2 protein chains.
Amino acid sequence: MPDTLRGNLAIGQSGGPTAVINASLVGMLHEASKHAAIENVYGLRHGVEGLLKEDLMDLGGTSDAELDLIKHTPAAALGSCRRKLRPDDYVRILEVFQAQNIRYFLYNGGNDSMDTSQRIADLAAREGYELRVIGVPKTIDNDLMYTDHCPGYGSAARYCALSVRDMGRDVEAMAGYDRVAIYESMGRHAGWLTAASCLGKESPIDPPHLVYVPEIPFSEDRFLDDISRCFVEFGFATVAVAEMLITADGDIVGLSEATVNSDSFGHIIVAGCANYLARQVRERLGLKARANRPGTLQRSSMITASAVDREEAYMVGQAAVREAVGGASGVMITLERIGNDPYQCTTGTAPLGTVANAENLMPRAYMNKDGNMPSAAFEAYARPLIGDPLPPVGRFAYRAVERRATVAD
Amino acid sequence: MPDTLRGNLAIGQSGGPTAVINASLVGMLHEASKHAAIENVYGLRHGVEGLLKEDLMDLGGTSDAELDLIKHTPAAALGSCRRKLRPDDYVRILEVFQAQNIRYFLYNGGNDSMDTSQRIADLAAREGYELRVIGVPKTIDNDLMYTDHCPGYGSAARYCALSVRDMGRDVEAMAGYDRVAIYESMGRHAGWLTAASCLGKESPIDPPHLVYVPEIPFSEDRFLDDISRCFVEFGFATVAVAEMLITADGDIVGLSEATVNSDSFGHIIVAGCANYLARQVRERLGLKARANRPGTLQRSSMITASAVDREEAYMVGQAAVREAVGGASGVMITLERIGNDPYQCTTGTAPLGTVANAENLMPRAYMNKDGNMPSAAFEAYARPLIGDPLPPVGRFAYRAVERRATVAD
């Protein structure tokens, strides 16, 4: 048995918030309180920003009631960041680790955050500073490698499934007035979240009728043909699109009217193809079309959080502390699916270096042959992650009353 | 006691759907089954469109289980419409009424629908056809006169309050990266729904920090000043705006990039000032800003429905049938608030003619002096309508860890 490493534990939250990243935090805190090796538990304010500024919160005295509230609070309770480490940051980081006797560093984020964690693990190894570094996965995009899925995804997926289902009922009710409703989902490169729009669909008339993901080259002509076909069949059409779509020629759809930003990792951030597509439907098909763009509501909405996702996020947080105390370092906690019937997951680990900066795109087999609707294989994968069955909705059986009036002109 | 009018009852749903318009429908169906005067209950498919086409559904045989499902289904289960009656429609309408022996006509909608109902009541009176016409109120905009509030509003208000609260936590967590988040609420002329964004606010740092409603002339310079002040105080800013705002000169804010449509009542429909305003924040203040535009999700979301709203919608539906059977005609059912402690409402009636085409705007006293935040009077009015208290959220008490490292440069 190795010598126990005694010292303080620092936790950081990084990247876009989710509905359940705080559940992971609470999992870490609960688990940390069980291990004598961990002396104090510190929260970094705004991730590595807080580390660089030595802006730490003492989380040790937090009551169970406070923790339960935090577990059900959306976004990132410690504050998050998108800070890429610069070469001169490392001296400072080591200085803070030493001054605060931080021996356990748990970083909760997406693939950029795993890269940051790897760099911090490398720093400690290079400088001979004993430190255990564990990555804790989090992303609504579900694009981390080597994990069955990512905490945060199930809740955002539930938001998407519920919103698209309800949006579809709305446009169905207004058929003849509103014709086409387009829902814009987050997920610039990976279609996992957009595809989740199908999880409330039970019959062909149910929304969505069409789903377009970033992995499949987008053709505007085919999109308009698809909509026309739907409109003929149902009298309306409901569509889910990712916030960024790319044509076969590599052009970003609707770039001229999109919001374009870049982040400190050098990623170009484009969002907003739905407005452009709605305009194409209006102008080229002459059908009234609306774009719904809930934006960050997708990742922050707490009322649509998946209970399965929340418990898995908590479990992943616990596992991170257990692994660190047990001697692991330089790994990210993963979720490994044991089975679907009943659905069950356990945790595992993957080397940070293999996860960092890699992107897990959706397999082609998770979409249908035409590339405009998720497949049964995707549904089987994603359905357990959104937790409880969606609240049921109904339709009247159409019992027509016999016409008795003179036929109208 | 008047002679009982025996015959069939026709129910129509009209205008933009809500989360609870089907609860009113179920209230009507339950109540109708209690009265021998009502022989059959017919649903108009897509409101007066269904009347003109004699496209009626027999709702009589619907089981209790089906009705319970419909009560919890968003949008309009019969189908809705925005059809303005034309002079040559009246002959046809009378023909269908006579052929189907429709003696009770209940129309569930907003002020345009009350106008339609009034016209149909006038037609019957003019032609000597005995018909009882009752308007059933519905609108998320809450802009009907002579009723304390409108069924549909409380649920959309709850959606707004929850979404803005969660969105605010998201931008707070990302402070330093995302700076300003703007939520665009429905409500082109009346600020009731936008103002509801404040109902999750408990302390100054909580979202929203700023609220702009259509009733108060909008100044872009003052808006940018307000945001700058917030940013200095909190490091971020969260804003709720109505989808249409007007300057003191009468200009529509951001018209150049808004979606502009018109409906069959001749109303110009403008939506989309949030994108424009976010761009102004980016360009003139240099702060990263996002616009969240959930669009029709606001009126269709079922998971955020208010239990109070749903029960009142049901109650209003019941009252409509009772009034009609009791001999009333040419009135709209209203909600009358008995008190706030405990909150309690009863139903009343108002003449259709006084409600039709009138707009109940928010009183100036429901906003603060600066016109950028709802007042305590508004909160007292609106809070009971969103039903159960919002699920609580927390924040860590900030117990700073003493700095021990050398001060960073």
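As the structure is a computational prediction, the values presented were derived from the model and not from experiment. Note on naming: letters A, B, ... go to the chains in the order of the sequence lines (proteins, then strands), and numbering restarts at 1 for each one.
- Contacts of Leu67(B) with chain A are made by side-chain atoms alone, with heavy-atom separations under 4.5 Å and no backbone atom involved.
- When the shell of 6.0 Å around CD of Glu283(A) is examined, it contains more than 12 heavy atoms from other residues, nucleotides or ligands.
- Residues Met174(B) and Pro17(A) form a side-chain contact, since some pair of their non-hydrogen atoms from C-beta on lies under 4.5 Å apart.
- Asp68(B) does not touch chain A: none of its heavy atoms, backbone or side chain, sits under 4.5 Å away.
- At a 4.5 Å heavy-atom cutoff, Ile182(B) makes no contact with chain A through either its backbone or its side chain.
- Gln98(B) does not touch chain A: none of its heavy atoms, backbone or side chain, sits under 4.5 Å away.
- Looking at Arg395(A), the atoms closer than 4.5 Å to chain B (heavy atoms on both sides) all sit in the backbone: N, CA, C or O.
- Using a 4.5 Å cut-off on side-chain heavy atoms (C-beta onward), Thr304(B) and Ile303(A) make contact.
- Counting only distance, with no hydrogens or angles, the side chain of Asp58(B) and the backbone of Arg399(A) share no donor-acceptor pair below 3.5 Å.
- Residues Arg169(B) and Thr73(A) are in side-chain contact: their nearest non-hydrogen atoms beyond the backbone lie under 4.5 Å apart.
- Of the two parts of Glu66(B), only the side chain, counted from C-beta on, holds a non-hydrogen atom closer than 4.5 Å to a non-hydrogen atom of chain A.
- Rounding to the nearest 0.5 Å gives a distance of 5.5 Å between CG of Asn275(B) and CZ of Arg293(A).
- You'll find the side chain of Val401(B) reaches within 4.5 Å of the side chain of Gln100(A), heavy atoms only.
- Taking OG1 of Thr62(B) as the reference point, atom CZ of Phe396(A) lies at 5.0 Å (rounded to 0.5 Å).
- Pro74(A) is listed as a side-chain neighbour of Val393(B), based on a closest heavy-atom distance under 4.5 Å.
- Here Arg404(A) pairs with nothing under the side-chain hydrogen bond (donor to acceptor under 3.5 Å, both in side chains) rule; sequence neighbours left out.
- When heavy atoms are compared at a cutoff of 4.5 Å, Gln13(B) does not approach chain A at all.
- Distance check: Ser301(B) OG to Leu297(A) CG gives 10.5 Å after rounding to the nearest 0.5 Å.
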